[in-house]
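Keep in mind that the numbers below use all heavy atoms, side chains included, and drop hydrogens, waters and symmetry copies. Fair warning: this is a prediction, and the values are worked out from it, not measured in the lab.
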Amino acid sequence: MEIETIAKALKELGHPTRLTIYNKVVRAGYQGVAVGGLQESLAIPGSTLSHHISSLASAGLISQRREGRTLYCVAEFEQLESVIGFLQNECCADEECTPKAAS
């Protein structure tokens with residue numbers, strides 16, 4: 001995964017409201033959560049919520065699906081795993097393999 005993609009995802013998750021939205025979407029699992037339910041639980045204007053959802057979607061963190069008149073937000077778990085995996089895979093990459101002797 002390209003560093004720019006990871007950086008965009010982390011940037012979007014760096015905003016408290018977007019992180020709260022994303023947390024609620026992730027908690028909802030593969031079924032997702034209705035946008036109306038998000039708006040009600042967060043008590044924010046629809047236009048503000050739409051802006052934040054758009055930002056998360058542009059980073060590939062969520063997708064949306066329509067069922068009748070209801071619009072659902074669904075977490076893109078592969079993208080989440082890629083972002084987390086990128087950070088985990090870099091952990092201690094430059095550290096020496098041999099433990100240092102105690103002084």
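Under the 3.5 Å distance criterion, with hydrogens and angles disregarded, no donor-acceptor pair is assigned to the side chains of K11 and S55.
In this structure, the separation between CG on L61 and CG on L80 is 7.5 Å, given to the nearest 0.5 Å. We find the CG-CD distance between L56 and Q64 to be 10.0 Å, quoted to the nearest 0.5 Å.
Counting only residues at least two apart or in different chains, salt bridge (charged side-chain N to carboxylate O under 4.0 Å, His left out) contacts with residues 15-24 comprise E12-R18. Screening residues 33-76 for ring-ring contact (aromatic ring centres under 6.0 Å, His included) gives H15-H52 as the qualifying pairs, with residues at least two apart or on separate chains.
The side-chain heavy atoms of V74 and R65, taken from C-beta on, include a pair separated by under 4.5 Å.
Under the 3.5 Å distance criterion, the side-chain polar atoms of R27 are left unmatched by any main-chain donor or acceptor of Y22. Of the possible donor and acceptor atoms, none in the side chain of E76 sits under 3.5 Å from a partner among the backbone N and O of A57. No side-chain donor-acceptor contact under 3.5 Å links S54 to the backbone of S50. Side-chain atoms of N89 come within 3.5 Å of backbone N or O of G85 as a donor-acceptor pair.
The shortest heavy-atom contact between A59 and A9 is CB-CA, 4.0 Å.
Linking Ile, Leu, Val, Met, Phe, Trp and Tyr whenever their side-chain heavy atoms come within less than 4.5 Å puts I84 and V25 in one cluster. No continuous path of ILVMFWY side-chain contacts below 4.5 Å connects I3 to L13, so the two sit in separate hydrophobic clusters. Hydrophobic clustering, with ILVMFWY side chains joined whenever heavy atoms are under 4.5 angstrom apart, keeps I62 apart from I6. Residues I53 and F77 fall within the same hydrophobic cluster, defined by Ile, Leu, Val, Met, Phe, Trp and Tyr side chains chained together at heavy-atom separations under 4.5 Å.
Heavy atoms from other residues, nucleotides or ligands lying under 6.0 Å from CD of Q31 number 12 at most.
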Could you pull out all donor-acceptor pairs under 3.5 Å where a side-chain atom in residues 32-47 meets a protein atom, sequence neighbours excluded?
unit_1	atom_1	unit_2	atom_2	d
Q39	NE2	I44	O	3.4
S41	OG	G37	O	3.3
S41	OG	L38	O	3.1

